[in-house]
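To start, the structure itself, in structure tokens.
Side chains included, hydrogens not; waters and symmetry mates left out as well; all remaining heavy atoms used. If you read the sequence from its start, that first residue is 1, and numbering goes on from there.
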Amino acid sequence: MRMERKYLFSLSILLALGLMLAGCKPANVNTKTMDGTLDEPFSPDETMDGCGVMVKNGSVSTIFPHIRHTREVQSKYNAKTGDLWLTSSAMEGTGVRVEWLHQIRFGENKTAYVKTQVNPYDVQQALLQRLGYTIEGETITLYDGAKLLATVTNTVEDMGGFDDEHPLWIGEQLYYDVSGDAPKLIFVPGVKFTTGLVLIYDDMPELSAPITIDENGSFTIHEIGVVEN
């Protein structure tokens, strides 16, 4: 009986260890770091067209002339925390979606103020510290540190193959989902080929991570996972 229990206990440990290792990077795999498309932090200047965002709390309206609303602004108010999460466009175009995340709160007189603005460049730099990849043939494997995120197969055949030095980039598709109680960062790595000047996203997964902001305005990007469509 003792031997049977010992055997079952040992088997449980092996199974648990196997499950843990299944999502980790093998010890003999050397990952490469990605590149960032954003060269410097964005400046929250007043919009060129003079059109900003107005936040209304009852009869009190507050205008934010530096917050752009050129592409699908999203907002969500969390009554428990008193946070109004608001997204705005930092950069947009064909295949490009880069957003600010604004944490807005309200004073005693119901006037809104920006508690924190998360700069897309800072988010990109934080992700670059964590993300890695390997390429074998047409197979791209993405990692968050030692954690395996996704494995995809490239199907693009008319772009001359992967760029030799800088095949994977982030920064052109970096946006948010604020539909829940707390915001989620969403981003998609892009592939650079030897032909053409644009990044290609055809086979790349959409990645997501909860993001939190402390009272000092510092953000933390939590566990990254693949968005299931």
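- Hydrophobic clustering (ILVMFWY, side-chain heavy atoms < 4.5 Å, transitive): Trp100 and Val118 are in distinct clusters.
- Cluster annotation: Val98 is not connected to Ile186 through the hydrophobic network of ILVMFWY side chains, with a link wherever side-chain heavy atoms come within less than 4.5 Å.
- Side-chain N or O atoms of Lys192 include none that pairs as donor or acceptor with a backbone N or O of His166 at under 3.5 Å.
- Looking only at distances, a side-chain donor or acceptor of Gln124 sits under 3.5 Å from a matching main-chain atom of Leu38.
- Atom-to-atom distance recorded for Glu228:CD and Ser208:OG is 11.0 Å, nearest 0.5 angstrom.
- One finds the CG atom of Asp214 at 5.0 Å from the CG atom of Asn216 (value rounded to the nearest 0.5 Å).
- Counting heavy atoms from C-beta on, the side chains of Leu86 and Val53 come closer than 4.5 Å.
- You'll find the side chain of Val123 reaches within 4.5 Å of the side chain of Tyr176, heavy atoms only.
- Taken together through direct or relayed side-chain contacts under 4.5 Å among Ile, Leu, Val, Met, Phe, Trp and Tyr, Met204 and Val227 form parts of separate hydrophobic clusters.
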One pair to check against side-chain contact (heavy atoms from CB on, under 4.5 Å): Ile224 and Leu127. What are the steps and the verdict? CA-CA 10 Å; Ile224 299 172; Leu127 290 174; 4.1 Å; yes
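- Taking the side chain as every heavy atom from C-beta outward, Lys147 and Glu223 approach each other to under 4.5 Å.
- Side chains of Ile213 and Ser218 form no contact here, defined as non-hydrogen atoms less than 4.5 Å apart.
- A salt bridge is absent between Glu99 and Arg68; no separation between the charged side-chain nitrogens and carboxylate oxygens falls under 4.0 Å.
- A salt bridge does not link Glu172 with Arg97: every distance from a Lys NZ or Arg NE/NH1/NH2 to an Asp or Glu carboxylate oxygen is 4.0 Å or more.
- In this structure, Leu128 and Ile170 have side chains that are in contact, with non-hydrogen atoms separated by less than 4.5 Å.
- Aromatic rings of Phe193 and Phe162 (six-membered ring for Trp) have centroids within the 6.0 Å cut-off, being under it.
- Of all heavy-atom pairs between Ala79 and Tyr77, the closest is CA-CE2, 3.6 Å.
- Between the side chain of Thr31 and the backbone N or O of Gly132 there is no donor-acceptor pair closer than 3.5 Å.
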Walk me through whether Leu131 and Leu142 qualify under side-chain contact (heavy atoms from CB on, under 4.5 Å). CA-CA 7 Å; Leu131 296 173; Leu142 306 176; over 6 Å; no
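- At least one side-chain heavy atom of Thr151 sits less than 4.5 Å from a side-chain heavy atom of Thr139.
- Taking the six-membered ring for Trp and thresholds of 30 and 60 degrees, Phe64 and His66 have ring planes more than 60 degrees apart, a perpendicular arrangement.
- Residue Leu148 holds its CG atom at 5.0 Å from OH of Tyr143, rounded to the nearest 0.5 Å.
- Side-chain contact check for His102 and Thr87: no donor-acceptor pair (N or O, by modelled atom type) lies under 3.5 Å.
- The CE atom of Met54 lies 9.5 Å from the OG1 atom of Thr62; values are rounded to the nearest 0.5 Å.
- The minimum heavy-atom distance linking Ala112 with Phe106 is given by the pair CB-CE2, 3.6 Å.
- For the atom pair CD of Gln117 and CD1 of Ile67, the computed distance is 6.0 Å after rounding to the nearest 0.5 Å.
- In the displayed structure, Ile63 atom CD1 is contacted under 6.0 Å by at most 12 heavy atoms of other residues, nucleotides or ligands.
- A donor-acceptor pair shorter than 3.5 Å cannot be found between the side chains of Thr194 and Asp163.
- Between Phe219 and Ala126 the shortest heavy-atom distance is CE1-CB, 4.1 Å.
- Leu84 is listed as a side-chain neighbour of Ser75, based on a closest heavy-atom distance under 4.5 Å.
- Side chains of Leu168 and Ile140 form a contact here, defined as non-hydrogen atoms less than 4.5 Å apart.
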Could you walk me through whether Thr134 and Lys32 pass the side-chain contact (heavy atoms from CB on, under 4.5 Å) check? CA-CA 6 Å; Thr134 61; Lys32 297 181 179 179; over 6 Å; no
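- Closest heavy-atom contact between Pro183 and Trp85: CD-CE2, 3.6 Å.
- Ion pair Asp177/Lys184 not flagged as a salt bridge, since none of the NZ, NE, NH1 or NH2 atoms sits closer than 4.0 Å to an Asp/Glu carboxylate oxygen.
- The stretch residues 105-116 participates, sequence neighbours left out, in these side chain to side chain donor-acceptor pair (under 3.5 Å) pairs: Asp83-Arg105, Gln103-Thr116, Arg105-Glu215, Asn109-Thr111.
- Closest heavy-atom contact between Tyr201 and Val188: CE2-O, 3.4 Å.
- When the side chains of ILVMFWY residues are joined at heavy-atom separations under 4.5 Å, either directly or via intervening members, Phe187 and Val226 end up in a single hydrophobic cluster.
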Evaluate the side-chain contact (heavy atoms from CB on, under 4.5 Å) criterion for residues Arg130 and Ile221: first the C-alpha distance (whole Å), next the side-chain angles of each, then the deciding distance (0.1 Å), finally the verdict. CA-CA 10 Å; Arg130 294 172 55 172; Ile221 300 171; 3.7 Å; yes
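- Between the Asn154 side chain and the Glu138 main chain, no donor and acceptor come within less than 3.5 Å of each other.
- Cluster membership for Met91 and Leu101, using ILVMFWY side-chain heavy atoms within less than 4.5 angstrom, is not shared.
- Under the 3.5 Å distance criterion, with hydrogens and angles disregarded, a donor-acceptor pair is assigned to the side chains of Tyr175 and Glu206.
- With hydrogens and angles disregarded, no donor-acceptor distance shorter than 3.5 Å links the side chain of Asn57 to the backbone of Val60.
- In this structure, Ala90 and Pro120 approach most closely via the heavy-atom pair CB-CG, 3.9 Å.
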